[in-house]
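Here is the structure we will look at.
All residue numbers refer to positions in the sequence shown, counting from 1.
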Amino acid sequence: MTESPSGQGAPEHDSEAAALLTEASATTVPSVPHQPRRDGAERTAGTGTETVEDACPAAGRTDDELQAGLDTEAEAELEAEAEAAGTDESPETSDAPKPFLNRLAARIAGEFLSPSPALLFSLLYIALAVFLTWKLLFHPIASVLAGNPYDQFYFEWQLTAVEHAVTHLQNPLFTHAMNAPDGMNLAANPQIIGPAIVLTPITALFGSSVSFALLTTFNLAATAITWRWFLRRHVVRTETAAFVGGLFLGFSPSMMSHSLAHPNLAGQWLVPLIAAGVLRLREPERQVRNGIVLGVLITAQVFVGEELLFLTAMGIGLFLVAYAAMRPRQTRDEAVAFLRGAGFAIGTAGVLLAYPLSFQFFGPMSFKGIPFDIGYYSADLKSYAVYPNLELWGDPAKLDPLAPGGTEQAALVGWALLLVVALLAVWLIRKAAVRALLIAALVLVVLSLGPTPVYDHKALDFWPIGPAGVWTHIEHLPLFSSSLPVRSALAVSWIIGILLALGLDEAVLHRWQVLRGVAFGAVTAALIPLIPRVFDTVPRTPIPQYFTSGAWKECVSPGHHTIVGVPLSDGGDRTNETWSTAENTDFAIPQGPVMGPNSATDKQVIWAKSNVLWTAQWLAYIYKNGGGSTPTVDSAIQNRVALDLGTWQAKCVVAADGTQNLAAIKNFLDQAIAPGRLEGDVVVWMEPGR
């Protein structure tokens, strides 16, 4: 991809795909009488129907033609240099093409000698991402994200579990290291299996805390970079608009909130590539290639963040349906090529995903549904005008009550940005693409409100279909049944960024300087309140030396691969999880923050299933309340504890020194198992004779 050196010259558009979103008005590009249009019709002066391809000949060429032109220019420069040096060397002396590596090296050298806007802006995005995450990035072993350490512990454990599976040639879609003895279907739970596989060398060498910090930073920078590329390639004609759009989309409230240990939702860098792939399906001469590439991108997104793929499909689908309804002639002309390309994409993704998806939905520990309250995880309509606490105008010490948690602030974009984007959309309302984007955004906003739409916690009186929302009628459909309504706001955020870029692009190229100034001022004023804050961190709880020294191995033997820690891991406490992570998941732990089936015969999902065994119930009770009601230990209780340890495939129970109500726990386990012994900074109870 080659950009014009000035950043404002030959656009970076793909001529076929760009036409969908770039519809320049007569106020932007002068009309040329009787110049042929892409659809074969002629333009006449003053019609105002030109596209970017009409205005810029370079944008009307394919990638191959653009590259051929660049190669011709390069050969001419080489020939001129050879003549100036007095040599006979010139490109004509050999008909053989240059090797790929030579061309790649020349391209890289050219970027360093004369950096393109793409490189410069990418470096700016990377620098901003590093600045926002520096507290975690530079101290990954000693600190965790203050806003959501629990999910960070979960994904660090998952990075380690996948690394363990890869290095031991095991199936990365399933693990027995958590929720012993049943195990965990990783493919069905929130997962980042793809990035975890890529980061396996780093995780193996430096630990999952380093991998997690790198992934958090990468997600922010890479999302901004790919969105800037998509906007410049397919949407806008100016580097300014593409840069600002990429800046917002890469560091938006949705990106910042989900960067709080939701890498499966913050890894949005494939979304613009998938959108570009869908637009390219209309190219009749590249149906097979474009379809296969899109199928590969879809497959990759499944292993980066599956829910993001669902949101991407919803957003793109709504836009295409609305656009097709407004452009029936263009739709008919391009339908055959699009559908053929889509067929290749679906076929490719179907082949690549056949086993992973069948394992996810029908494999061991698979389930159906979602275990969370979708009413709680729904957006309040008023929240769209509120500022999140991770941005400049938000209160960093206080989460707005309209937000369903610190990690679910995608809908909170602020009233100033909504006002500016609304004005820009009204200005560009004659464009079919803008109208289609607005329709898609409206539907997504309605979906984000969940089963009972509210405004400021009060039911919407003006709601046209009664107190029940649209989600009520679709929540049991496939895919919708596994998604949270509020996350539809992620796709709304993408549309806001695209509309912002379109409006700014139109303003930059407008002939009225005053209008350009007003537009720049308004966009700047709207984005300043959304300047993101640096992520705060807190110190990690140290891992007991019993585990870091390897002394825990005395608790593991054939048939006994589990260590029961007190407190047992559940939806809140992640102590055992961090112990397992520190030791490369070489031993299993019971329970944990796992989604799984309610039972072997009931596939309905249940999350963090705990206190199933009698011993687990009493350990949890004593940990929380002390030993006042602890039953007198007799042979029946001893036998029951032994039976439960056998079910867990464990022979040891471990509690860290300083654990809440440790004295009561010790009193119970001393009688139920054997007298506990202090091993440095933990107390260990081991079954006699094991």
Any donor and acceptor pair, going by atom type alone, linking the side chain of [X] with main-chain N or O of [Y] inside 3.5 Å?
X: D505; Y: T238; answer: yes
X: S358; Y: Y355; answer: yes
X: Q360; Y: N185; answer: no
X: Q158; Y: P190; answer: yes
X: Q287; Y: P284; answer: yes
X: E306; Y: F303; answer: no
X: T226; Y: W269; answer: yes
X: R435; Y: I429; answer: yes

A side-chain contact here means heavy atoms from C-beta on lying under 4.5 Å apart; do [X] and [Y] qualify?
X: L352; Y: I298; value: no
X: I193; Y: L173; value: yes
X: L437; Y: W494; value: no

Residue from V454, V470, L460, D380 passing side-chain contact (heavy atoms from CB on, under 4.5 Å) with L449: L460
Of all heavy-atom pairs between [X] and [Y], which one has the smallest distance, and what is that distance?
X: W471; Y: P451; answer: CB-N, 3.8 Å
X: A261; Y: F212; answer: CA-CZ, 3.7 Å
X: N290; Y: R280; answer: ND2-O, 2.9 Å
X: F367; Y: A188; answer: CZ-O, 3.3 Å
X: P404; Y: Y376; answer: CB-O, 3.2 Å

Parallel, tilted or perpendicular: ring planes of F230 versus H234, cut at 30 and 60 degrees: tilted
Aromatic plane relationship, H510 with W427 - under 30° parallel, 30 to 60° tilted, over 60° perpendicular: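 Because their plane-to-plane angle lies in the 30° to 60° range, the rings of W427 and H510 count as tilted.
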Proximity of W227 and F248 rings by center, below 6.0 Å: no
What do you reckon, are the aromatic ring centroids of F243 and Y125 less than 6.0 Å apart? yes
Could you check whether E283 pairs with R340 (Lys NZ or Arg NE/NH1/NH2 to Asp/Glu carboxylate O, under 4.0 Å)?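 Salt bridge between E283 and R340, a charged N being under 4.0 Å from a carboxylate O: no.
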Under a 3.5 Å cutoff, is there a donor and acceptor pairing between the side chains of N389 and Q409? yes
Can you see whether S252 engages S254 through a side-chain donor-acceptor pair at a distance of less than 3.5 angstrom? yes
